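Keep in mind it's a predicted model, so treat the numbers as computed, not measured.
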Amino acid sequence: MPDSPALPSHPLLERVLDPATPRALKLAAARGTLPLARQELIVALVHLAADQDGEVASESRKALSATPQELLQGVLEDPKTPAPVLDHFGRDKSTPPPLLQALVSNPATSDELLLELAHSSDPGVLDNLV
């Protein structure tokens with residue numbers, strides 16, 4: 001399995017990922033209103049989608065769902081994208097096949113996730129695996 005790239009080190013992202021972050025900052029991040037770069041915002045949203053605060057998690061999932069597929073594809077193709085982001089989209093049953101294909105093509109995708117994606121019914125995903 002390839003080494004997982006480190007999370008980006010933007011101070012605002014580090015603050016959002018900190019469990020002690022105030023709820024207001026988490027909500028702002030979950031709504032996509034913080035000045036973060038594309039990949040950093042996706043990292044924050046994936047992290048917050050599993051937050052214990054139901055509103056933060058819900059807002060984050062809404063923001064992820066509203067993210068254009070082209071933008072997500074670029075993130076999922078990037079070998080520097082952190083493993084938790086790749087895993088989130090690879091295991092989410094609502095991830096569209098073109099995004100799964102991007103995951104399969106990413107050299108940073110873990111062997112475990114590739115094995116899980118091998119159960120896909122999409123021919124494009126399976127072709128990329130082969």
Spatial distance of atom CD (Glu112) from atom CG (Leu117) [nearest 0.5 Å]: 11.5 Å

Give the C-alpha distance, both sets of side-chain angles, the deciding distance and a yes or no for side chain to side chain contact (heavy atoms under 4.5 Å, CB included) between Leu76 and Asn106. CA-CA 7 Å; Leu76 296 177; Asn106 188 329; 5.7 Å; no

Could you walk me through whether Leu34 and Leu12 satisfy the side chain to side chain contact (heavy atoms under 4.5 Å, CB included) test, starting with their C-alpha distance in whole Å, then the side-chain angles of each, then the deciding distance to 0.1 Å, before giving a yes or no? CA-CA 8 Å; Leu34 295 181; Leu12 186 54; 4.0 Å; yes

Looking at Leu13 and Glu40, what are the two nearest heavy atoms and their distance? CD1-O, 3.6 Å

Any donor and acceptor pair, going by atom type alone, linking the side chain of Thr33 with main-chain N or O of Ala28 inside 3.5 Å? yes

What I'd like to find out is whether the side chain of Gln101 reaches to under 4.5 Å of the side chain of Asp122, using heavy atoms alone. yes

Step by step, would you call Ile42 with Leu71 a side chain to side chain contact (heavy atoms under 4.5 Å, CB included)? CA-CA 10 Å; Ile42 300 300; Leu71 191 146; 4.2 Å; yes

Correct closest heavy-atom pair for Ala49 and Leu64 would be CB-CD1, 4.3 Å

Set out, in order, the CA-CA distance, both residues' side-chain angles and the distance that settles salt bridge (Lys or Arg N to Asp or Glu O under 4.0 Å) for Lys62 and Glu55, then state yes or no. CA-CA 10 Å; Lys62 278 192 242 176; Glu55 185 179 8; over 6 Å; no

Looking at every non-hydrogen atom in both residues, tell me the closest pair between Ala30 and Ala63 and how far apart they are. O-CB, 3.3 Å

From Asp51, Asp18, Asp53, Thr21, residue fulfilling side-chain hydrogen bond (donor to acceptor under 3.5 Å, both in side chains) relative to Lys26: Asp51

To the nearest 0.5 angstrom, please state how far the OG1 atom of Thr67 sits from the CZ atom of Arg38. 11.0 Å

Evaluate the criterion side chain to side chain contact (heavy atoms under 4.5 Å, CB included) for residue pair Ser110 and Leu86; output intermediate values, then yes/no. CA-CA 9 Å; Ser110 70; Leu86 302 176; over 6 Å; no

Thr81 versus Gln39, side-chain donor and acceptor atoms under 3.5 Å: yes

Leu103 and Phe89 have their tightest heavy-atom pair at CD1-C, 3.8 Å

Main chain of Leu45, side chain of Ser60: is a donor-acceptor contact present, judged purely on distance under 3.5 Å? yes

If you take all heavy atoms of Gly90 and Glu116, which pair is closest and at what distance? O-OE2, 4.5 Å

Do His88 and Pro82 make a side-chain contact, defined as non-hydrogen atoms from C-beta onward lying under 4.5 Å apart? no

Rounded to the nearest 0.5 Å, what separates atom OG in Ser105 from atom CG in Leu100? 11.0 Å

